Amino acid sequence: MNVQNIMTYLSAKHPGEAEYLQACQEVLESIEEVYNKHPEFEKAKIVERIVEPDRIFTFRVTWVDDKGEVQTNLGYRVQFNSAIGPYKGGLRFHKAVTPSMLKFLGFEQTFKNALTTLPMGGAKGGSDFDPVGKSDAEIMRFCQAFMLELWQCIGPDQDIPAGDVGVGGREIGYLNGMYQKLAREYHTGVLTGKGMTFGGSLLRPEATGFGALYFTHHLLEKAGKDLKGKTIAVSGFGNVAWGACIKATELGAKVVAISGPDGVCHIPDGITKEMIDYMLVMRSSNRNKVQDMADKFPDKAKFTAGKKAWSIKCDIALPCAFQNELSEDDAKELKANGCWCCCEVSNMGCQPEAIHYFQKNGVLFAPGKAVNAGGVATSGLEMTQNAAHLNWSEKEVDDKLHTIMQSIHEQCVQFGTQADGSVDYVKGANIAGFMKVAQAMLEQGIV
Ligand code: GLU
């Protein structure tokens, strides 16, 4: 395999699909050396097959807003790879959603899911529907209209969607209600991230953030450090940031910043439980403004418009919002302010130049597909509980999540340890995920 040749071919075939091409390039660069030691992969054209989704469903979603006006959006489900299990991955509702974005997310999901140790293939879906400013009734009508098309593509042994940006417990509830109505099948396991009254798992809402902090704990331990007393800048204030704030605080760190599209809130004394609870109110308001935190807690949080979380002095940066949210300039600013670790929690949250800057300048870095895998891993645990028709206790789920995150860290160390003893977590995560999926494809023939 020659990465340059494959990228030239893919860029010509999928022009303008920037995020998808970026994700492919990152993974292919990491695996090139290992891949070329396996002629059987080359013979079965594993790389050429693994970069293309198995199939993509595209559909029109038409619904009526509160003013009685007809609205039309586009809906998608990208079923990327089913070599190790049924398709699994979230749904993203955001105005910037395109096929390229969902292809990059489905591609990343394939390797992330392989790292979880659970049998789940990779998928992603969503819509360019913008939840900002929408009423609860509009959200419900949109979810129902979206499921009117999606239901035929999914099923408990086929494809199991969940939440992502813009899709949380409320949306999963509305989607699940409509699925049951249409399919007349009352499985509890068609979607994950469900409410506790209809088959949800304890800790699923917290799982991405909790898992990220468990991973960070193991990464710091390996580097001879720990979380106690460290300052953390978190970007975003949604579900993932919320879970990260809870666990970071519990483990003795101080979250000194959260952010939103409107700016950053600096919290010099560290985020409190009351403030963390308020993040849920901010999310369900659909206003998408972090300034609301400073308005509610003026003594504790200072809002600056137009600034990112990376402008706040911290030991550890946790991007928890959106792809490419941390640029090379942000990485330089963080480093200049004393930051020495960045664990990417959002999918592809750091631009490639930022990752190279961190790696060249001694900032510990781990990629999203390893750090944020606790979310989908706990979805996998939800599927197990659904299949067995039972519910595990919070401790049982938490212990399993922690064990999975520890195992993901170990896989990164196994495949990413360099000649000088340091760990390249990007390489480690990509190679570990790839080897599992590639092996499964190889053993199942040319399909
Ligand atoms: N959207 C989450 C992710 O990026 C969770 C997916 C799931 O639970 O299926 O991994």
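Nothing here was measured: the structure is a model prediction, and the numbers come from that model. Ligands are counted one by one from 1 in listed order, and the atoms in each one are counted from 1 as well. The figures that follow rest on heavy atoms only: side chains count, while hydrogens, waters and symmetry mates do not.
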Are the ring centres of Phe129 and Trp63 closer than 6.0 Å? yes
Sidechain-backbone polar pair: Gln79 side chain, Cys153 backbone, donor-acceptor under 3.5 Å: yes
So that I know where these two stand, are Phe80 and Phe107 an aromatic pair - ring centroids less than 6.0 Å apart? yes
Asn324 and Glu19 side chains, donor-acceptor separation under 3.5 Å: no
Salt-bridge criterion met for Asp159 and Arg77 (N-O under 4.0 Å): yes
Subset of ligand 1 atoms that lie under 4.0 Å from at least one heavy atom of Ser379: 7 (C), 8 (O), 9 (O)
Write out the residue and atom name of the closest protein heavy atom to atom 9 (O) of ligand 1, then the distance separating them to 0.1 Å. Lys88 NZ, 2.7 Å
Numbering the atoms of ligand 1 from 1, which are under 4.0 Å from a heavy atom of Gln109? 3 (C), 4 (O), 6 (C), 10 (O)
Interfacing atoms of ligand 1 (cut-off 4.0 Å, heavy-atom, Asn347): 4 (O)
For atom 6 (C) of ligand 1, what is the nearest protein heavy atom, given as residue, atom name and distance? Gly90 N, 3.6 Å
Kindly assign one of parallel, tilted or perpendicular to the pair Phe358 and Phe365, based on the angle between their ring planes and the thresholds 30° and 60°. parallel
Residue Lys112 vicinity, atoms of ligand 1 by number, heavy atom under 4.0 Å: 3 (C), 4 (O), 10 (O)
Can Gly380 be said to touch ligand 1, with heavy atoms closer than 4.0 Å? no
How far is atom 5 (C) of ligand 1 from the closest protein heavy atom, and which atom is that? Arg204 NH2, 3.4 Å
If we only consider heavy atoms of Lys124, is any one of them less than 4.0 Å away from an atom in ligand 1? yes
So is Met120 close enough to ligand 1, meaning a heavy atom under 4.0 angstrom away? no
Tell me yes or no: between the side chains of His217 and His402, is some donor less than 3.5 Å from an acceptor? no
Which ligand 1 atoms does Ala162 reach within 4.0 Å, using its non-hydrogen atoms? 7 (C), 8 (O), 9 (O)
Salt bridge (charged side-chain N to carboxylate O under 4.0 Å, His left out) involving Arg287 - partner list, sequence neighbours excluded: Asp292
Atoms of ligand 1 under 4.0 Å from any heavy atom of Asp164, numbered from 1 in the order shown, are 1 (N), 2 (C), 4 (O)
